[in-house]
There are 2 protein chains.
Amino acid sequence: MGLAKTEIFTDLQNEIALFAKVFGHPARVAILQHLFKIDTCVCGDLVNEIGLAQPTISQHLKELKNLGLIKGNVEGTSVCYCINTENWTKMKAVMLQFLDQDLPQTTCC
Amino acid sequence: MGLAKTEIFTDLQNEIALFAKVFGHPARVAILQHLFKIDTCVCGDLVNEIGLAQPTISQHLKELKNLGLIKGNVEGTSVCYCINTENWTKMKAVMLQFLDQDLPQTTCC
DNA sequence: TTGTTATATTGCAATATTACGATTAATAAT
DNA sequence: ATTATTAATCGTAATATTGCAATATAACAA
């Protein structure tokens, strides 16, 4: 199929999966790390920094923007991107809750 | 293509993406949540619990096992699965480092 | 041995993802 | 106005993912 049966899972499970999915490509990880490092930068900088073609970077930026993790601001012919700190914090809370569960005491091996 | 250019990214970026990718499907999130909740369970229980076909669950379990996040133990005709707590802790450290970066002070909008 | 149960593997169809060339749109500079 | 610059969009090829039916495997039971 190639299509997840989202309807049989909880909203939280689907939300976690959606966030995780967007982090599931090293280019998007690299974009976010770069934005954290230098606060704001234009699309062209990311193209140079990362080394993928401009349409490819643009596509990755779009996915990050769709999930609300970054914001873009048009400045002349450039577009300046930055972390959406409010949404990042919300996302982090969701992911931490998942990652930070109490480890089981019993294991099977 | 459908194939990430992993060679242009750092080991850490690729590692983060690999972990995130495995969390990028709600079935695998659900499996892990269930294992955290009841410590250990056999494959068949997960099939009932989650509601996907047995081969599908088996495939998701394999991916979690390949990344080292769960362990499987053969018990007669059943296989008992549990969280690999040591590797989970290691994974968590990597992901937290990524998620918990200091928020930028400057934004572009 | 024969059958039963539980899980893994194989094969495949449907869909999604990744990457990029070509093009478009929008602003800026001359 | 014309041209350059920047980024988004479109179209498409290559590959990956998801889900399951069918089958294989492995352990136990009678």
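Atoms considered below: every heavy atom in the structure, side chains included; atoms not considered: hydrogens, waters and symmetry mates. In the text below, chain A, chain B and the rest are named by the order of the sequence lines, each starting its count at 1.
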Worksheet entry | Spatial distance of atom NZ (B:Lys37) from atom CG (A:Asp102) [nearest 0.5 Å] | 14.5 Å

Response to the item:
side chain to side chain donor-acceptor pair (under 3.5 Å) filter on A:Asp45, not counting sequence neighbours, yields none

Discussion item. If you count every heavy atom of other residues, nucleotides or ligands that lies below 6.0 Å from A:Gln105 atom CD, does the total exceed 12?
Written reply: no

Worksheet item: Rounded to the Å, how far apart are B:Leu46 CG and C:dA8 P?
Response: 10 Å

Worksheet item: Would you say B:Asp39's side chain and A:Pro104's backbone share a donor-acceptor pair under 3.5 angstrom?
Response: no

Worksheet item: Do the side chains of B:Leu46 and B:Leu61 get nearer than 4.5 Å, heavy atoms only?
Response: yes

Worksheet item: Base, backbone or nothing for each nucleotide of nucleotides 15-28 of chain C, written B, S, -, heavy atoms under 4.0 angstrom, 5' to 3'?
Response: BSBBBBBB----BS

Practice prompt. Mind checking ring-ring contact (aromatic ring centres under 6.0 Å, His included) for B:Phe23 and listing every partner two or more places apart, or none if nothing turns up?
Written response: A:Phe98, B:Trp88

Worksheet item: For the pair made of NZ in B:Lys62 and P in D:dA16, what is the distance, rounded to whole Å?
Response: 15 Å

Worksheet entry | Gap between atoms CD1 and P, on B:Ile57 and D:dC20 respectively (whole Å) | 9 Å

Worksheet item: D:dA8 phosphate, OP1 or OP2: any side-chain N/O from A:Tyr81 under 4.0 angstrom?
Response: yes

Fill in: side chain to side chain donor-acceptor pair (under 3.5 Å) involving B:Gln33 - partner list, sequence neighbours excluded
A:Gln13

Worksheet entry | More than 12 heavy atoms from other groups under 6.0 Å of CG on B:Asn48 | yes

Worksheet item: Just how far, in rounded Å, is P of D:dA26 from CG of B:Asn73?
Response: 17 Å

Discussion item. What I'd like to find out is whether the side chain of B:Cys41 reaches to under 4.5 Å of the side chain of B:Leu35, using heavy atoms alone.
Written reply: yes

Item to complete: Determine the contact category for A:Val47: base if any of its heavy atoms lies under 4.0 Å from a base atom, sugar-phosphate if only primed atoms, P, OP1 or OP2 are that close, otherwise nothing.
Response: nothing

Item to complete: Kindly express the pairing pattern of DNA chain D in dot-bracket notation, using | wherever a base pairs with another strand and counting only Watson-Crick or G-U pairs under 3.5 Å.
Response: ||||||||||||||||||||||||||||||

Worksheet entry | Selection: residues 31-39 of chain B, any non-hydrogen atom under 4.0 Å of DNA chain C | none

Item to complete: Could you check whether B:Ser78 gets within reach of a base, just the sugar-phosphate, or nothing at all, counting any heavy atom under 4.0 Å?
Response: sugar-phosphate

Worksheet item: A:Thr40 and A:Cys82: which non-hydrogen atoms are nearest, and at how many Å?
Response: CG2-CB, 4.0 Å

Response to the item:
dist B:Leu69:CG -> B:Lys90:NZ (nearest 0.5 Å) comes out at 11.5 Å

